[in-house]
Amino acid sequence: MPAAFSNEALRQNPYLSDLAERFPNSETLEGLHSRLATAEAEDLPQIKGQFSLGFARTHFQDFDDMGRTWTVFADATIDRALQLAWQIVGKRHKLVLPETSVPGLFILGLGKLGGFDLNFSSDIDLIAFYDAETLPVPAHKGQAYIASEVCKRLTQILQPRNAPDFVWRVDWRLRPESSGTGLAISSAKAETFYFFRSLPWHRLALMKARVVAGDVEAGQALLNRLEPFIWRRNLDFTTLDELAALKTRINNEHPGLETERAAPDPITDAAVGFNLKLGRGGIREIEFIANAQQLIHGGKRPDLRVTNTRAALSNLAQTELITQQDADELRAHYAYFRKVENAVQMFRNEQTHIIPDGDANVAMRALIGDPENFDKEISTRRQEVHARFSTLFRDNAQTEKTTNLSTLDEHATLIARSWTRGFQDHGVPATSRHKYQELGHNLVARVQRLDRPDAFERIDSFLKQLGRSEQYFALLSRHPDLLDKLVSPLLHSPHMSEILAQSPHIIDIFLSPEDSELREQSEFVLTSPDYEHRLEALRRFVNEQLFLNYTHFLDGKTTARGLQQKLTDIAEETLTLSLRIVADDLEVESIPMTILGLGKMGTRAMGPKSDLDLIFLFADDCDPDLAAKAVRRMRTTLTTKLREGIAYELDTRLRPSGRSGPPAVKLSAFHDHHMNRAHSWEHIALAPARIVGGDEVLGSKVMAIKKEILTRPRDTAAFKADAYVMFQRLAEERLKETPPDIWRTKLRRGGLMEADYIHACFDVLAVKPPTELAPIMENWNESIIWERLLGLTGKPVSETPARFAQKISIETLPQLWAEQDKMIKELTAKFFADQKMSKSPAPGPVIWRKP
Ligand SMILES: NC(=O)CC[C@H](N)C(=O)O
């Protein structure tokens with residue numbers, strides 16, 4: 001056992017030696033814990049005193065243990081005090097209460113208590129709420145009144161008036177609407193308050209909230225519902241100001257903390273006088289680094305939502321938001337400072353944070369083992385902390401103040417002026433406009449260089465439609481590089497502009513680590529248990545990923561092929577998420593459904609705006625009601641148009657019997673249909689199909705059926721005749737002879753759809769397609785990406801934006817397209833060479849070859 005310090009050290013500390021005198025027979029910490037269960041109110045201060053002594057004797061050397069040991073003990077004392085409080089209040093108000101734990105009321109610990117970081121002499125920050133449904137108090141007695149009485153009583157037990165000893169100093173001032181209400185309000189009220197009436201610091205205080213006593217389940221349920229309030233989905237840089245404001249507010253409102261309000265001291269070589277908690281390079285700066293990053297990124301990364309500062313630092317390193325070295329060092333400094341702080345507080349059990357001089361200094365040093373280079377140690381650590389702290393708050397906006405507006409027309413000049421004045425027409429409050437003037441200059445300079453007359457107008461209308469979102473300007477002024485991610489799409493890509501209009505905040509995706517997995521990046525979608533929230537989050541995910549990958553493509557970081565793969569991955573991830581959302585909504589563990597992807601999903605060649613061609617297949621024994629519901633919900637989940645648009649268009653017409661067939665298809669029905677009733681074109685559609693989501697075992701059964709269908713010998717002549725009729729219909733109704741200098745990749749004669757069709761025909765016949773087909777399809781697939789991203793369909797090649805002309809090689813494009821049209825048409829002609837050029841009758845079901 002680490003005998004923490006000598007009797008000598010103990011003697012030098014008045015508070016500890018007093019305790020040692022009063023409690024000569026020391027008990028173990030475990031023993032003290034177990035006494036709590038039956039302790040009476042008047043026992044608690046003594047148990048606390050003995051615990052303090054025991055803690056000093058046995059736990060002081062090991063910092064990792066310290067905060068947790070205190071916190072666990074605190075939780076237990078609060079819980080016991082709450083029980084006692086209930087008994088007293090219950091008797092007085094004639095309530096019928098259960099013997100042990102009373103449901104409904106719960107206490108949240110904030111600050112150090114919430115963060116498992118309690119000190120020797122911390123006070124505890126509490127807030128309390130109750131669940132109106134389960135609180136065993138009839139409405140006519142006044143639930144809020146009784147719950148508040150219980151909290152008052154709890155306070156008296158923990159901090160008895162006119163008594164020498166206390167258990168904890170209790171502080172309720174961080175509760176919502178603290179001046180106007182009793183100590184407890186209902187969780188429904190709390191929810192409304194936080195979402196609609198709270199101030200920024202309320203939110204920041206909740207970051208460290210933890211259920212410490214009472215009805216844990218009800219408490220956790222409230223915290224879950226508050227998650228979307230605490231952890232915003234988007235990076236939020238105004239948060240940094242809020243964080244600063246919170247810290248100031250807490251300092252200013254604690255009357256006991258007057259000394260702490262002194263301006264931060266410069267880092268000197270003398271340790272004496274250093275305020276460990278608030279001083280420059282001290283504990284608060286470390287907390288600040290952790291909390292700021294947690295707040296900014298926690299909405300996307302649930303693993304950052306921890307209340308403990310050192311755990312947060314580790315997790316930030318895990319997610320590569322800070323380096324491992326930074327995390328390790330900051331953790332070490334934090335531990336060291338906190339240990340010193342504990343030693344300082346043991347002297348008189350006072351809540352002080354300043355390194356003392358005189359006797360107290362001697363005593364403190366004795367406790368921490370009288371280090372030789374103590375002063376140096378402190379100043380080195382402070383410098384390292386403060387350096388990192390300053391980096392975080394360094395203003396990284398570049399100055400580009402070369403704004404000469406004389407070349408602009410009148411309208412553009414007006415817009416540019418408003419930007420350089422800190423976005424005065426964009427809902428930025430007058431008091432903070434000065435912060436965004438630099439950003440304004442920066443943006444004007446960039447847009448001027450584009451030399452596009454409509455650029456100011458377009459970007460301005462985007463910025464205006466953001467609503468009153470100072471947050472957005474804060475983000476941009478910290479990361480002016482993001483302007484480029486915004487400007488080009490707004491000018492050139494209608495599709496990307498639409499996505500931006502739906503979810504303007506997605507540009508912060510460029511700030512997250514680049515190599516993270518899609519799975520990690522989609523985690524946030526499921527964080528809220530709420531169905532509606534999840535649907536919005538799903539759209540956010542799709543928009544964010546599409547936008548990110550389109551940008552990479554436009555910047556030349558991804559090839560066309562790479563983008564197709566990525567777009568396919570995103571669609572598959574979306575299906576997986578949708579299935580989860582639907583299963584949760586239907587309250588089932590999983591749904592016995594597998595998803596067959598046809599068309600572009602099948603060939604992994606999704607392009608911008610491709611819809612999802614899917615068939616939802618179910619095990620034969622699946623409850624038909626559940627299956628039908630699941631398909632309906634899948635459709636809603638994917639296609640309902642919400643604020644952030646849809647996730648995907650869905651096309652399920654390729655299921656057996658098309659529109660008239662049931663939306664949920666059973667495996668045996670699928671098999672039976674394709675063997676006995678399907679037409680050849682359905683097998684052509686089936687050729688590129690693969691499983692893109694859902695139950696894997698079921699999926700492999702579907703793939704076995706597919707194989708059985710496509711390998712079964714069929715009558716080739718009959719197949720070609722059918723395929724030809726279908727092709728003629730296709731050509732007539734959808735394909736268009738298109739001049740070689742017009743963008744119409746998919747629906748031109750000889751274009752992408754025709755090429756895909758012929759390819760699938762070869763597949764059905766298990767004949768290797770001619771070698772020239774693949775490279776042409778590759779080219780078409782690239783063209784369609786450009787065409788859809790830049791909104792060029794039907795336009796002449798000459799209207800392709802100059803910015804991309806070279807990348808697309810537009811000079812040679814018409815010639816290339818003419819050749820491709822010709823080659824594909826020839827392949828088609830050759831494939832159908834035996835067919836009469838007259839119209840055949842409408843085909844019937846597939847004719848299999850007689851064995
Ligand atoms: N899959 C998509 O391309 C859809 C993107 C976007 N959310 C929209 O509604 O248009």
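Side-chain atoms are counted along with the backbone in the values below, which use heavy atoms only and exclude waters and symmetry mates. Just so you know, ligand 1 is whichever comes first in the structure, and atom 1 is the first atom listed for that ligand.
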Does any N/O atom on G645 come nearer than 3.5 Å to any N/O atom on ligand 1?
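Between G645 and ligand 1, no N or O pair is found under 3.5 Å apart.
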Indicate yes or no: does an N/O atom of N543 lie under 3.5 Å from an N/O atom of ligand 1?
yes
Would a line drawn from the ring center of [X] to the ring center of [Y] be shorter than 6.0 Å?
X	Y	result
W419	F473	no
Y472	H426	no
F229	Y194	yes

Would you mind telling me if ligand 1 is within reach of the side chain of [X], the backbone, both or neither, using heavy atoms under 4.0 Å?
X	result
Q502	side chain
E644	backbone
A647	backbone

With S660, which of P662, P656, S657 fulfils side chain to side chain contact (heavy atoms under 4.5 Å, CB included)?
S657
I want to check something: taking the side chain as every heavy atom from C-beta on, are L548 and K566 in contact at a cut-off of under 4.5 Å?
no
For the residue pair P688 and G599, what are the closest heavy atoms and their distance?
CG-N, 4.4 Å
Look at ligand 1 and say whether K641 reaches it with a heavy atom at a distance under 4.0 Å.
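Judged by the 4.0 Å heavy-atom criterion, K641 does not count as contacting ligand 1.
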Yes or no: does A571 have any heavy atom under 4.0 Å from an atom of ligand 1?
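False for this residue.
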For ligand 1, which atoms sit closer than 4.0 Å to a heavy atom of H495?
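Contacts of ligand 1 toward H495, numbered from 1: 3 (O).
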